[in-house]
Amino acid sequence: MSVRVRFAPSNTGHLHIGNARTALFNYLYARSEGGTFILRIEDTDRERSRDEFTDSIVEAMNWLGMSPDEGPVFQTDRMDLYRQKVDQLLEEGKAYRCYCTPEELEAQREQAIAEGRKPKYSGEWRDRTDHPEDAPYTVRIKMPLEGTITIDDMVQGEVTVDVDELDDFIILRSDGTPTYNFVVVVDDASMEISHVIRGDDHLNNTFRQVPVYHALGATPPTFGHLPLIDGLSKRAGSASVQDYRDDGYLSEALVNYMSRLGWSHGDQEIFTPEELTDLFGFDSVGRSPSNFDRDKLNWVNSEWMKRLPADEVARRWVPFLEDRGFSVDADDSLTAVAELMRDRAATLVELSEVSTYFFSDDFEYDEAAVEKWMKAQNRPAIENLIERLAALDEWTSDAVGSVYREVGDEFDLGLGNLAQPTRISLTGSTSSPSVFDLVATFDRDEAIERMQRGLQLLEQ
RNA sequence: GUCCCCUUCGUCUAGCCUGGUCCAGGACACUGGCCUUUCACGCCAGCGACACGGGUUCGAAUCCCGUAGGGGACGCCA
């Protein structure tokens with residue numbers, strides 16, 4: 001039997017990390033089994049569903065590299081199917097009309113809780129035939145009256161619940177719209193979903209849904225209930241996938257990090273998307289909830305900053321630099337900057353921060369550094385250095401390096417006396433990559449100009 | 001209240017099914033050191049956990065029972 005899985009978010013908000021992780025596990029399972037990954041939008045919430053959220057979810061999935069094979073399928077397009085199934089169950093006597101009012105139900109619920117009983121519908125209309133004329137009604141499904149229901153969950157193992165815990169829940173509201181627990185089953189059955197992989201907040205629902213499959217004459221799929229992610233506060237992770245993209249995270253890193261929330265493969269931490277689809281399996285999915293940890297995400301991202309080809313980093317970096325008002329192209333010179341700076345930044349945003357001096361000479365000189373390193377007595381050496389750099393045949397790190405060594409030898413100066421003033425002139429501070437690389441990564445005219453301007457700082 | 005799920009370093013986790021090789025391994029973070037023209041990277045080291053209590057056993061993180069704590073569900077929301 002071929003594997004067909006679906007990710008079924010409601011379009012009432014952007015795709016956040018918790019849902020993205022659920023989508024990812026569905027996607028990875030489909031890929032690892034050669035199956036089909038389907039996107040279904042649960043858009044039956046008239047009040048809150050919005051098309052723009054659908055677009056946002058699709059965009060986020062594309063960015064993460066897990067575009068669906070089928071869909072999006074919209075539930076609102078399938079209302080006729082749902083009503084038809086309700087009618088069918090009614091005719092077959094597997095469902096019935098209930099004329100209780102919401103007020104009556106609410107009163108019963110409160111009383112049950114007050115008496116310490118489980119709030120459950122009494123089932124009073126299950127066998128009644130004295131249906132009032134013209135009164136509003138809901139349709140309820142008949143749950144089995146005795147026995148237990150057991151599912152063999154891919155994550156949780158065997159879980160059994162006594163049907164005594166279940167009541168005849170509403171499948172069609174008095175306004176004629178179907179309810180969630182009914183609709184998911186109709187959809188999953190009709191779309192021939194083989195594996196339902198979702199958050200374990202749905203585990204209890206599953207026991208309500210299994211009898212619906214049976215009533216519909218369908219075989220329940222295999223279930224896999226993933227533990228939820230804790231600590232998804234505004235700050236920590238309930239932000240949208242796009243927020244992470246805008247914060248400068250790489251999609252590979254976010255996917256890598258999310259995959260490790262609840263899944264592992266020995267001691268391995270870094271996985272390429274290809275490795276993930278090869279190695280993913282429910283045998284290695286844990287049952288306990290995990291926490292979203294920004295520090296670890298940052299580390300994974302910093303690893304990916306180093307692993308991606310430098311020109312790819314440059315390409316993805318461009319919009320971040322443009323946001324800061326720098327007009328750049330993803331050309332060789334930007335690639336050179338990315339190559340030089342990338343292991344000093346955990347995100348593309350940080351990369352911009354640590355690299356601004358390449359794009360603007362409008363920076364402050366670090367006063368303490370100037371005080372310490374810009375000594376007037378080194379002027380002749382630095383001037384000589386600038387001259388020789390200007391005359392260099394080739395503008396490479398090695399060539400620049402030999403100039404520094406020659407000047408250092410001739411003036412009998414330690415390299416620091418040349419390197420630090422160079423750094424201050426080019427960047428404003430004394431922390432930067434190796435000076436030779438730094439100088440060579442700059443456009444030569446720009447480097448010379450800044451060094452000449454830096455000469456002014458030598459005045460005592 | 002009732003039912004379901006969960007519980008190894010601060011965090012993510014390996015180990016648990018098939019008890020001994022685990023005085024519990026890796027990673028992030030943190031601390032210290034090394035490298036070095038600065039900073040960063042990198043490398044090395046350190047810190048740090050089997051929720052608790054019973055049992056089974058020669059032996060338990062691993063098996064059983066209980067307790068506590070956390071999460072979820074119980075809707076004419078999804």
Side-chain angles (χ1 to χ4, degrees), chain A residues 8-12 42-45 47-49 75 98 100-102 105-106 109 112-121 136-140 153 155-157 159-162 164-167 169-181 183-184 199-208 225 227-228 230-231 257 260-270 283-284 286-300 302 306 341-345 354 369 373 401 404-405 408 414-420 422-424 427 429-436 438:
Chain A
S10 59
N11 56 346
T12 54
E42 317 241 303
D43 60 345
T44 52
D45 187 331
E47 301 286 295
R48 299 183 301 151
S49 288
Q75 291 187 320
C98 167
C100 292
T101 65
L105 262 15
E106 185 52 34
R109 201 181 346 266
I113 291 171
E115 290 172 10
R117 287 181 293 114
K118 189 179 178 69
K120 258 181 70 173
Y121 172 65
Y137 61 88
T138 59
V139 176
R140 289 180 183 268
D153 194 276
V155 177
Q156 311 288 343
V159 185
T160 299
V161 162
D162 199 301
D164 210 37
E165 299 299 324
L166 277 17
D167 62 3
F169 66 90
I170 293 173
I171 60 175
L172 192 76
R173 299 184 185 94
S174 52
D175 67 359
T177 60
T179 61
Y180 170 78
N181 275 123
V183 161
V184 258
D200 74 5
D201 50 337
H202 288 285
L203 185 56
N204 286 284
N205 282 153
T206 306
F207 298 96
R208 261 170 266 282
H225 286 95
L228 268 15
D230 279 348
Y257 179 70
R260 290 283 291 100
L261 255 22
W263 174 81
S264 63
H265 181 70
D267 289 338
Q268 189 172 344
E269 298 285 353
I270 302 299
D283 286 351
S284 306
R287 284 190 288 191
S288 52
S290 47
N291 274 74
F292 188 89
D293 181 16
R294 181 67 83 129
D295 284 336
K296 184 110 179 212
L297 203 216
N298 285 342
W299 174 76
V300 172
S302 72
K306 292 169 203 156
M341 303 303 286
R342 60 165 153 187
D343 62 1
R344 329 172 73 81
V354 298
W373 292 103
Y404 273 80
R405 280 185 249 278
L415 223 40
N417 291 298
L418 298 173
Q420 298 299 56
T422 302
R423 287 198 171 91
I424 292 166
T427 75
S429 87
T430 53
S431 54
S432 87
S434 158
V435 253
F436 312 151
L438 178 75

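Atom set for the values below is all heavy atoms of this structure, side chains included, hydrogens, waters and symmetry mates excluded. Just so it is clear: chains get the letters A, B, ... in the order the sequence lines come, proteins before strands, and each one is counted from 1.
Nucleotide B:rA14 is matched to nothing when pairs are restricted to Watson-Crick or G-U wobble geometry with both distances under 3.5 angstrom. Using Watson-Crick or G-U wobble geometry with both donor-acceptor distances under 3.5 Å, B:rG46 finds its partner in B:rC30. Remark: B:rA61 base-pairs with no nucleotide in the shown strands. Criterion, Watson-Crick or G-U wobble with two distances under 3.5 Å. In this structure, B:rG69 and B:rC6 make a Watson-Crick or G-U wobble pair, each of the two defining distances being under 3.5 angstrom. Across all strands shown, B:rC74 is found opposite B:rG1 as a Watson-Crick or G-U wobble partner, with both distances under 3.5 Å. The partner of B:rA24 cannot be assigned: no Watson-Crick or G-U wobble pair with both contacts below 3.5 Å exists in any strand.
Listed by chain and residue number, nothing satisfies the side chain to side chain contact (heavy atoms under 4.5 Å, CB included) test with A:Ser288 (two or more places apart in sequence, or in another chain).
Residue contacts shown for A:Phe436 include a base, since a base heavy atom lies under 4.0 Å away. Residue-level contact check: A:Gly286 touches neither bases nor backbone, having no heavy atom under 4.0 Å from any strand. Nucleic acid contact class of A:Pro433 (heavy atoms, under 4.0 Å, all strands): base. Contact annotation for A:Thr430: base contact, defined as any heavy-atom pair under 4.0 Å involving a base atom.
Between A:Leu203 and A:His265, the residue anchored closer to the 5' end of RNA chain B is A:Leu203, taking for each the nucleotide with the nearest heavy atom. Closest-nucleotide positions on RNA chain B for A:Val159 and A:Ala345 were compared, and the one nearer the 5' end corresponds to A:Val159.
The CH2-C1' distance, from A:Trp299 to B:rA40, rounds to 17 Å in whole Å. Rounded to an integer number of Å, the gap from A:Glu269 CD to B:rA27 P is 8 Å. Per the geometry, CG belonging to A:Leu438 stands 13 Å off C1' belonging to B:rA40, to the nearest Å. Straight-line distance from the CG atom of A:Asp200 to the P atom of B:rG70: 17 Å, rounded to whole Å. Atom-to-atom, CG of A:Asp153 to P of B:rC5 comes out at 11 Å; the value is rounded to the nearest Å. When the C1' atom of B:rC4 is taken as reference, atom CG of A:Leu166 falls 12 Å away, rounded to whole Å. A straight line from CG of A:Leu418 to C1' of B:rU38 spans 14 Å, rounded to a whole angstrom. The nearest whole Å value for the distance from the CG atom in A:Leu415 to the P atom in B:rU38 is 10 Å.
The base of B:rG26 does not come close enough to the side chain of A:Gln268 for any donor and acceptor atom to sit less than 3.5 Å apart. One N or O donor and one acceptor, one from the side chain of A:Arg423 and one from the base of B:rU37, sit under 3.5 Å apart. Between the base of B:rU7 and the side chain of A:Ser288 there is no donor-acceptor pair shorter than 3.5 Å. For A:Lys296 and B:rA27, a side-chain-to-base donor-acceptor distance below 3.5 Å is present, hydrogens and geometry of angles not being considered.
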inquiry  = One pair to check against ring-ring contact (aromatic ring centres under 6.0 Å, His included): A:Phe436 and A:Tyr404. What are the steps and the verdict?
reply    = CA-CA 8 Å; A:Phe436 312 151; A:Tyr404 273 80; 5.6 Å; yes
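Regarding contacts with the backbone of B:rG42, a side-chain N or O of A:Lys306 is found under 4.0 angstrom from either OP1 or OP2.
The backbone N or O of A:Ile170 lies less than 3.5 Å from a partner atom in the side chain of A:Thr179, making a donor-acceptor pair.
Nucleotides B:rG48 and B:rU13 have their C1' atoms positioned 15 Å apart, rounded to a whole Å. If you take atom P in B:rC47 and the same atom in B:rG42, they sit 22 Å apart, rounded to whole Å. Nucleotides B:rU21 and B:rG10 place their C1' atoms 30 Å apart, quoted to the nearest Å. With both ends at atom C1', the span from B:rC23 to B:rG15 equals 16 Å, rounded to whole Å.
With no hydrogens or angles considered, no side-chain donor-acceptor pair links A:His265 and A:Ser284 at under 3.5 Å. A donor and an acceptor atom, one from each side chain of A:Thr177 and A:Asp175, are located under 3.5 Å apart. Defined by atom type and a distance below 3.5 Å, a donor-acceptor pair is missing between the side-chain atoms of A:Thr430 and A:Arg423.
The distance from atom CZ of A:Arg208 to atom NE2 of A:His202, rounded to the nearest 0.5 Å, is 12.5 Å. One distance of note links CG of A:Asp200 with CG of A:Asn205; it measures 11.5 Å at 0.5 Å rounding.
A cation-pi arrangement is not found for A:Arg140 relative to A:Phe169, the charged atom failing to lie both closer than 6.0 Å to the ring centre and inside a 45° cone about the ring normal.
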Sugar-phosphate or base contact per nucleotide [nucleotides 73-78 of chain B; S, B, -; heavy atom under 4.0 Å] = SBSBSB
